[in-house]
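To start, the structure itself, in structure tokens.
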Number of protein chains: 2
Amino acid sequence: MEEREYTPKQEQLARFAKAMGHPARVAILDFLIRQNSCFFGDIHEVLPISKATVSQHLKELKDAGLIQGEIEAPKVKYCINRANWEVASLLFKEFWGQEAPREKKDCCE
Amino acid sequence: MEEREYTPKQEQLARFAKAMGHPARVAILDFLIRQNSCFFGDIHEVLPISKATVSQHLKELKDAGLIQGEIEAPKVKYCINRANWEVASLLFKEFWGQEAPREKKDCCE
DNA sequence: TTTGTTGTTCGCAAAACTACGAATAAATAA
DNA sequence: TTATTTATTCGTAGTTTTGCGAACAACAAA
């Protein structure tokens, strides 16, 4: 039987990448990286989508571990999950730091 | 009317991230980064999915611009699209190079 | 208690994704 | 010409994603 499974690293990287796979979620992360005041309303205000949809995207980012939320009644405050952010950062840096293979005359030339 | 659109950078980053959003596609990229001989069959051989599905994932990576294919009858050779790889690399490095905001006592503590 | 503010959840619909086997296409080898 | 090899495309099925309005829940303010 061959080696035909995905590695945990590949799975994890794919999970983070998937979370970044929508412009609204990239925009949310961009926003949270720069802001300290990060209430739901502030986030919703800068996005071209409804409350319900924003809430869903936030849930996905939370499920992926990239952000966390906390109630501060009657508002909800979101922010980057630093520990996981670091994990993701390292994975992406490692992946994109790799050199694409040198061109050889027999490789797609 | 407020500023409520996604930036081209956010859209592009999301597009690349989405392409990386499945472990099979991460595995394919991992493979292509290391190999020069990169025929369809070689790729299929290391993945736990059918030919048809591999072909679909390759198409998505091609559509995202991260790889390219070329016929070398009766085989097909795939490899990294260097120009776009560089674009993606810069985008991801810029994104993940950002410092998450310093903790303050009023931000999710 | 009643009212208002803030977000989440529900219910729904359309579209996209993932996966496979079978059929097909394209070129070589016999 | 007739296989054979190699990979894509087709057809199908089930799942997930994206999006919204409406209903709901939780708490603060009046």
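Letters A, B, ... mirror the listed sequences (proteins, then strands); counts begin at 1. Just so it is clear, the structure is predicted and the values come from calculations on it, not from any experiment.
Heavy atoms of A:H57 sit under 4.0 angstrom from primed sugar atoms or phosphate atoms, though from no base atom. Among the atoms of the strands shown, only primed sugar atoms or phosphate atoms (P, OP1, OP2) are found under 4.0 Å from some heavy atom of A:E60.
Nearest to the side chain of B:A52, among C:dA16, C:dC20, C:dT8, sits C:dC20. In this structure, of D:dT8, C:dA16, D:dC20, it is C:dA16 that holds the atom nearest to the side chain of B:K18. Comparing D:dA7, C:dG7, C:dA27 by their nearest atom to the side chain of A:F39 picks out C:dG7. Considering only side-chain atoms of A:I49, the nucleotide from D:dA28, D:dC20, C:dA27 that sits closest is D:dC20. Relative to the side chain of B:S55, the nucleotides D:dT8, D:dG19, C:dA27 differ in distance, and D:dT8 lies closest.
Using a 4.5 Å cut-off on side-chain heavy atoms (C-beta onward), B:I49 and B:H57 make contact.
Taking the six-membered ring where the residue is Trp, B:W96 and A:F92 present parallel rings, their angle staying beneath 30° rather than reaching 60°.
The distance from atom NZ of B:K59 to atom P of D:dT8 is 11 Å, rounded to the nearest whole Å. Note: NZ (A:K62) to P (C:dG7) measures 13 Å, nearest angstrom. Here D:dA7 presents its P atom at 13 Å from CD1 of B:I67, a figure rounded to the nearest Å. Note: CG (B:D63) to P (C:dA16) measures 13 Å, nearest angstrom.
Between the side chains of A:Q35 and A:D42, no donor-acceptor pair is found at a separation under 3.5 Å.
Ring centroids of A:W85 and B:F95 are separated by less than 6.0 Å, placing the two rings close together.
Contacts with DNA chain D (heavy atom under 4.0 Å) in residues 21-30 of chain A: A:H22, A:R25, listed by number.
Comparing B:P74 and A:K51 along DNA chain C, the residue whose closest nucleotide (by nearest heavy atom) sits nearer the 5' end is A:K51.
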